Amino acid sequence: MGKVLQIGAGGVGTVVAHKMAALPEVFSEITLASRTKSKCDAVAQQIGGNRIKTAQVDADNVEQLIALINEEKPDLVVNVALPYQDLPIMDACLATKTSYMDTANYEPKEEAKFEYSWQWAYKKRFEEAGITAILGCGFDPGVTSIFTAHAAKHHFDEIHYLDIVDCNAGDHHHAFATNFNPEINIREVTQKGKYWENGQWVWTEPHEIHKPLNYPGIGPKESYLIYHEELESLVKNFPTIKRARFWMTFGQEYLTHLRVIQNIGMARIDPIMYNGVEIVPIQFLKAVLPNPGELGENYQGWTSIGCRIKGIKDGKERTYYIYNNCSHEAAYKETGTQAVSYTTGVPAALGAEMYMKGLWRKPGVWNVEDFDPDPFLARLGEQGLPWVEKFDLDLEL
């Protein structure tokens, strides 16, 4: 039992707050903070029961963060703000000797670059401070990494081939919208692709490699090879992997809009001058696109995310598929959010529970696959994300 400070009150943050508030035996006190306190107040009101205290903080401002942490004295800071803000929040946690958890790796504002190097560099300082940092505890990264750790622990002597597959077969009835922060989403899916093979990274042009894959209960969907951050930690932590790739589905209409946005310069992340005011085009675009946190009401369909793995067990080759399917309608009914927010928020709340129970707690900076997957997966289905395992089947990859 302990106290948590959650920073971030968007779609994912809403789910995290809902799930933690439902566990008073684990989370005795919850403070929800963001730059806009009214967002926090709305989430707290929606949850009710006076379970959530709210506060205002600029997550880019280390001194403000330190002041808030010193005032609240949480056992754990749960960061579901923007990836740009990971390092300021980690700095504040170091200064106050408070443990830390996030769902996405650090990314500098001025460059669309996804690397764990910045956060891994904190490892020794967190060890010396005697505090834990848990990195990437969403779904992907997060559950996909825990699925891989589970496979390595229980079903394989060596994992050789890993393909993470992410399908959103939902319909939000908008011409174009992103399922999480547009600025981060567009930066992520428009960069060059990258995958691991034979001990090195192989680069591809954006969306250059694609093929139809069949998703359980959904059917065939065109899937595109993109780079995703959990690949970096998984190939480090499971060195028998010969090839690791990440696939994500995109509809043709989405890709057409994305291409136009890039072609007209609206995906630019560098500042431009407009009427004497400096603006960043992608930030302006974010302001006019639908709010991902408000897509849930009319969202229909399912997501399907999992790991397709080939390797060796007892000297024999085996294939394995572990996945979760999540309903947009069910996610909205429970938390008022769509399934992309739900599938990220549930694991974040569960990771915080693992820390509070002392199951995932050791000084230093760790990715989720560094911890025992069993207690997490034992609770994942109970918390709304049931998972399925299939053995010895055609992985299509």
Side-chain angles (χ1 to χ4, degrees), residues 4 6-20 59 76-86 89-90 100-107 114-116 119 133-150 164-168 178-181 183-185 187-189 226-234 246 248 292-293 296 303-307 322-326 328 331 335 337-355 360 365-371 373 376-377 379-381 383-387:
V4 66
Q6 175 185 324
I7 301 174
V12 172
T14 299
V15 177
V16 176
H18 267 268
K19 287 296 186 178
M20 293 196 303
L76 176 70
V77 172
V78 174
N79 169 19
V80 283
L82 295 174
Y84 315 141
Q85 295 160 334
D86 288 359
I89 298 173
M90 289 182 79
Y100 167 92
M101 191 190 78
D102 66 30
T103 62
N105 70 355
Y106 173 71
E107 175 186 340
F114 308 93
E115 277 187 12
Y116 276 116
Q119 292 178 275
I134 302 169
L135 306 184
C137 197
F139 206 106
D140 44 352
V143 175
T144 51
S145 307
I146 295 163
F147 280 167
T148 304
H150 170 80
I164 297 170
V165 292
D166 182 330
C167 171
N168 180 8
T178 62
N179 293 293
F180 55 94
N181 184 289
E183 191 176 346
I184 303 300
N185 192 184
R187 283 165 63 120
E188 177 181 300
V189 302
I226 67 170
Y227 175 65
H228 224 245
E229 62 213 64
E230 65 262 49
L231 297 182
E232 182 184 13
S233 65
L234 288 171
F246 187 99
M248 183 174 280
T303 62
S304 181
I305 313 173
C307 299
I322 180 171
Y323 65 91
N324 160 265
N325 279 20
C326 183
H328 286 288
T335 62
T337 67
Q338 33 87 357
V340 178
S341 295
Y342 190 85
T343 54
T344 306
V346 170
L350 189 48
E353 178 183 333
M354 294 296 102
Y355 177 84
W360 285 11
V365 175
W366 309 96
N367 292 85
V368 290
E369 67 268 22
D370 289 307
F371 298 99
F376 183 98
L377 290 180
R379 289 277 290 142
L380 187 62
Q383 286 300 300
L385 295 176
W387 45 282

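Because the structure is predicted, anything quoted here is derived from the model rather than measured. Residues take their numbers from the sequence shown, with the count starting at 1.
At a threshold of 4.5 Å between non-hydrogen side-chain atoms, the residues Val143 and Asn324 do not count as touching. Residues Thr148 and Glu369 are not in side-chain contact: their nearest non-hydrogen atoms beyond the backbone lie 4.5 Å or more apart. Two residues are said to be in side-chain contact when any heavy atoms from C-beta on lie closer than 4.5 Å; Tyr355 and Val4 fail this criterion.
The nearest pair of heavy atoms linking Val78 to Ala352 is CG2-CB, 4.0 Å. When all heavy atoms of Ala81 and Ile89 are compared, the closest pair comes out as CB-CD1, 4.5 Å. In this structure, Leu380 and Phe147 approach most closely via the heavy-atom pair CD2-CE2, 4.5 Å. Closest approach of Gly136 to Asp102, counting heavy atoms only: N-OD1, 2.8 Å. Listed here is the closest heavy atom pair of Pro347 and Gly138: CB-O, 3.1 Å. Among all heavy-atom pairs drawn from Gly345 and Val16, the shortest one is O-CG2, 3.5 Å.
A donor-acceptor pair under 3.5 Å is formed between the side chain of Ser233 and the backbone N or O of Glu230. Side-chain atoms of Glu229 never come within 3.5 Å of backbone atoms of Pro141 as a donor-acceptor pair (strictly under, hydrogens ignored). Of the possible polar contacts, none joining the Gln383 side chain to the Leu385 backbone as a donor-acceptor pair under 3.5 Å is found.
Contacts of Asn325 classified as side-chain hydrogen bond (donor to acceptor under 3.5 Å, both in side chains), with partners at least two apart in sequence or in another chain: Ser304. Residues passing the ring-ring contact (aromatic ring centres under 6.0 Å, His included) test with His150 are His154, His155, Trp387, sequence neighbours excluded. Not counting sequence neighbours, the partners of Tyr106 by the ring-ring contact (aromatic ring centres under 6.0 Å, His included) test are Trp118. Legend: residues meeting side-chain hydrogen bond (donor to acceptor under 3.5 Å, both in side chains) with Asn79, ordered by chain and number and at least two apart, are Asp86, Tyr100. For the ring-ring contact (aromatic ring centres under 6.0 Å, His included) test, residues two or more places apart in sequence or in another chain that qualify with Tyr323 are Tyr321. Residues meeting the side-chain contact (heavy atoms from CB on, under 4.5 Å) test with Thr103, sequence neighbours left out: Val80, Thr344, Ala348. By the ring-ring contact (aromatic ring centres under 6.0 Å, His included) test, Phe246 pairs with His228, sequence neighbours left out. With sequence neighbours left out, the side-chain hydrogen bond (donor to acceptor under 3.5 Å, both in side chains) criterion links Thr303 to no other residue. A search for side-chain hydrogen bond (donor to acceptor under 3.5 Å, both in side chains) contacts involving Glu353 returns Lys357, Arg379, not counting sequence neighbours.
Judged by distance alone, the side chains of Glu232 and Asn105 never bring a donor and an acceptor atom under 3.5 Å apart.
Between the CG atom of Leu231 and the CZ atom of Phe114 there is a distance of 12.5 Å, given to the nearest 0.5 Å. Between the CE atom in Met90 and the CG atom in Leu135 there is a gap of 5.5 Å [rounded to 0.5 Å]. Between the CH2 atom in Trp360 and the CD1 atom in Ile146 there is a gap of 3.5 Å [rounded to 0.5 Å]. Rounding to the nearest 0.5 Å gives a distance of 5.5 Å between CD1 of Ile164 and CG of Leu234. Within the model, atoms CG of Leu76 and CE of Met101 stand 6.0 Å from one another, a figure rounded to the nearest 0.5 Å. Note that CD1 of Ile305 and OG1 of Thr343 are 4.5 Å apart. Values are rounded to the nearest 0.5 Å.
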Worksheet item: Phe376 and Cys137: side chain to side chain contact (heavy atoms under 4.5 Å, CB included), yes or no, with the steps?
Response: CA-CA 11 Å; Phe376 183 98; Cys137 197; 4.2 Å; yes
Worksheet item: Checking side chain to side chain contact (heavy atoms under 4.5 Å, CB included) for the pair Phe139/Val346: CA distance, chi angles, key distance, verdict?
Response: CA-CA 8 Å; Phe139 206 106; Val346 170; over 6 Å; no
